[in-house]
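In what follows, every chain begins at residue 1, and chains take the letters A, B, ... in the order their sequences are listed.
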There are 2 protein chains.
Amino acid sequence: MTTIYDVARRSGVSPATVSRVLSGRRNVDPALAEKVQAAVAELGYRPNGVARNLRRSSTNLWAAVISDIENPFFTSLVRGLEDVAQTEGYHVVLCNSDEDPAKEAAYASAVLTEQMAGVVISPSSTADGVLQLHEAKTPMVLIDRKVAGVEADSVLVDNEHGATEAVRHLLDGGYRRIACITGPPQVSTAMDRLAGYRAALSGAGVSYDADLVRHADFREAGGFAAMASLLGLAEPPEALFVTNNLMTVGALECLAERGLRAPDDIAVVGFDDLPWANLVVPPLTTVAQPTYELGRRAGVLLRERIADPSRPPSTVILPTELNIRATSTPRTR
Amino acid sequence: MTTIYDVARRSGVSPATVSRVLSGRRNVDPALAEKVQAAVAELGYRPNGVARNLRRSSTNLWAAVISDIENPFFTSLVRGLEDVAQTEGYHVVLCNSDEDPAKEAAYASAVLTEQMAGVVISPSSTADGVLQLHEAKTPMVLIDRKVAGVEADSVLVDNEHGATEAVRHLLDGGYRRIACITGPPQVSTAMDRLAGYRAALSGAGVSYDADLVRHADFREAGGFAAMASLLGLAEPPEALFVTNNLMTVGALECLAERGLRAPDDIAVVGFDDLPWANLVVPPLTTVAQPTYELGRRAGVLLRERIADPSRPPSTVILPTELNIRATSTPRTR
DNA sequence: CTGTTAGCGCCTTCAA
DNA sequence: TTGAAGGCGCTAACAG
């Protein structure tokens with residue numbers, strides 16, 4: 001491996017000067033600089049990033065600890081983050097926590113031992129990793145979900161409001177018996193969206209019926225099972241609000257399997273868009289989230305946090321958008 | 001920051017012994033080991049990964065350079081890779097090349113300066129980065145696509161055969177005027193799948209008609225435009241074979257926009273599954289690829305390449321599977 | 001089995 | 001403006 005010493009020798013200067021030329025700072029005699037550049041080119045020299053990291057005691061890595069890399073919601077978010085990282089000279093290390101607190105904690109450990117510059121994390125239920133990172137004062141941005149008792153930079157959407165809008169839309173359609181499939185009680189988005197559901201009901205004078213609520217795991221199979229359970233009720237719901245995309249897919253599959261259709265047999269609104277929602281027939285009404293923007297804003301906050309670790313934490317709340325399509329708008333009603 | 005020296009002092013041994021205890025190798029007196037562990041716990045010591053990397057002159061990072069992180073094909077693949085990485089003690093750095101040779105080359109540079117342990121890469125059209133990495137002898141696995149003139153470990157699917165099967169299925173359905181929307185001519189998968197299309201036609205004695213072939217960019221918008229162009233023909237096609245998932249989505253959207261339906265107005269087969277293909281109505285016939293397995297096998301090859309850099313390159317070719325659903329099977333014909 | 005020692009490659013004072 | 005030198009934290013030789 002060619003080192004900075006080889007370049008120095010070749011160009012007849014000291015390693016310090018080579019370093020200065022390469023890092024572009026300080027004043028260096030242009031003639032020397034040129035010699036150095038020439039030597040770099042001739043030798044095909046490439047600085048050793050690891051050595052630089054050790055010396056500077058910081059790396060140019062960001063970790064993205066997310067709970068399901070196969071969910072398009074997170075994919076798009078990661079892309080927004082990666083775009084910021086790239087322009088800021090960072091790389092993104094992908095950490096798939098699978099909603100598993102143990103995995104999350106393991107990744108948090110890795111973040112610390114590998115001296116990563118910062119973390120963007122969507123906390124799992126018990127948020128073990130978040131607490132660890134918070135304590136270590138690692139630059140961290142929470143995304144998608146809050147963690148009780150942790151004051152940190154966050155990028156969220158207005159979950160309660162988005163849910164309220166969705167359910168109000170169903171109420172406006174004349175539906176009264178509206179079910180809700182939401183996520184684990186430990187996850188803030190699950191509870192915030194459920195709260196929005198309740199708020200909409202109470203705003204319309206419809207009483208809350210716990211029998212119509214199911215908690216699942218934010219995955220397809222969970223949505224399927226919850227739907228099946230709701231259909232088993234003596235008096236099944238007329239309408240359904242599902243608080244994430246994959247569970248919506250599961251619910252729709254359950255309906256399809258039983259020959260039931262939205263919106264004629266049951267109206268459906270999902271939280272979070274599906275990539276080709278308009279190809280699903282009938283097109284699915286959703287509460288869309290600005291996923292790319294969520295990731296992008298997280299990247300921006302992280303950069304700012306790294307630049308100034310002492311600034312007070314800030315929270316960005318982005319709006320959702322109700323996309324009314326066919327599954328909530330029957331022709332006859 | 002607490003260092004290995006602090007632990008050594010605290011436990012009354014040398015730093016070397018601490019290192020030995022922590023890395024779990026060599027025999028160390030259990031009594032000493034225990035003391036060390038105690039000191040580690042008391043001090044909350046955490047080894048500095050960067051220093052270790054410098055000393056060992058290798059990191060525990062793998063790069064995944066892929067051409068479109070938002071395509072579920074790559075997402076699933078990355079997940080397979082990440083699962084192997086995790087069990088092998090590596091982390092995956094996500095690099096989204098966006099099909100842009102310049103970005104690919106920039107990431108290849110980063111791989112080298114950051115001394116990453118290996119790379120899994122889906123080459124962009126000109127494969128600038130691949131050549132750079134190949135020359136530098138970085139452990140590398142090509143995935144999804146070949147690169148002319150580069151002998152390297154590869155994980156591919158049997159593209160030509162998969163395409164032939166798909167088109168033969170359409171021919172069996174009685175279709176003769178079959179169009180093909182494929183990717184950029186520089187990308188091996190685009191050409192291999194096109195070759196499969198031609199092989200099927202010629203096997204059935206149907207002559208090849210270049211007017212029925214379109215090259216697009218493997219993205220949704222490209223598929224849409226290509227479909228529009230095909231529909232503009234004096235004599236539009238009766239059936240369509242599209243060589244990737246996103247372009248299929250684009251083509252279907254174009255059809256939907258014009259009130260055309262598959263399979264009644266035009267039969268459709270896509271290459272590569274869509275996550276909720278069965279919710280798309282009518283369900284889409286596809287050539288499914290084992291995406292997760294592609295990523296997993298790439299991880300396995302990379303590990304082996306790192307363990308033995310001199311072994312001859314090997315190529316894994318995985319089978320595709322034709323999933324016949326509704327868009328290629330009209331009721332009346 | 002344990003300790004001493006010498007770097008890994010770079011950057012950054014400090015002195016000239 | 002440039003060079004000399006120390007050290008970031010760790011581990012692998014080498015001695016003991």
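Judged as a side chain to side chain contact (heavy atoms under 4.5 Å, CB included), and not counting sequence neighbours, the contacts of Gln186(B) are Ser125(B), Pro184(B). Under the side-chain hydrogen bond (donor to acceptor under 3.5 Å, both in side chains) criterion, Gln37(A) pairs with no residue, sequence neighbours left out.
Pairs of residues two or more places apart, or lying in two chains, never qualify as salt bridge (Lys or Arg N to Asp or Glu O under 4.0 Å) while including a residue from residues 48-63 of chain B. Evaluation of the salt bridge (Lys or Arg N to Asp or Glu O under 4.0 Å) test over residues 114-143 of chain A, restricted to residues two or more places apart or in two chains, returns none. Residue pairs satisfying the salt bridge (Lys or Arg N to Asp or Glu O under 4.0 Å) criterion with at least one member in residues 96-110 of chain A, sequence neighbours excluded, are listed as follows: Asp98(A)-Lys103(A), Asp98(A)-Arg79(B), Glu99(A)-Arg145(A).
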Q: Using a 4.0 Å heavy-atom cut-off, write out nucleotides 3-9 of chain C from 5' to 3' as B (base contacted by protein), S (sugar-phosphate only) or - (no contact).
A: BB-BBBB
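Comparing Pro30(B) and Gly49(A) by the nucleotide of DNA chain C that holds the closest heavy atom to each, the one mapping nearer the 5' end is Pro30(B).
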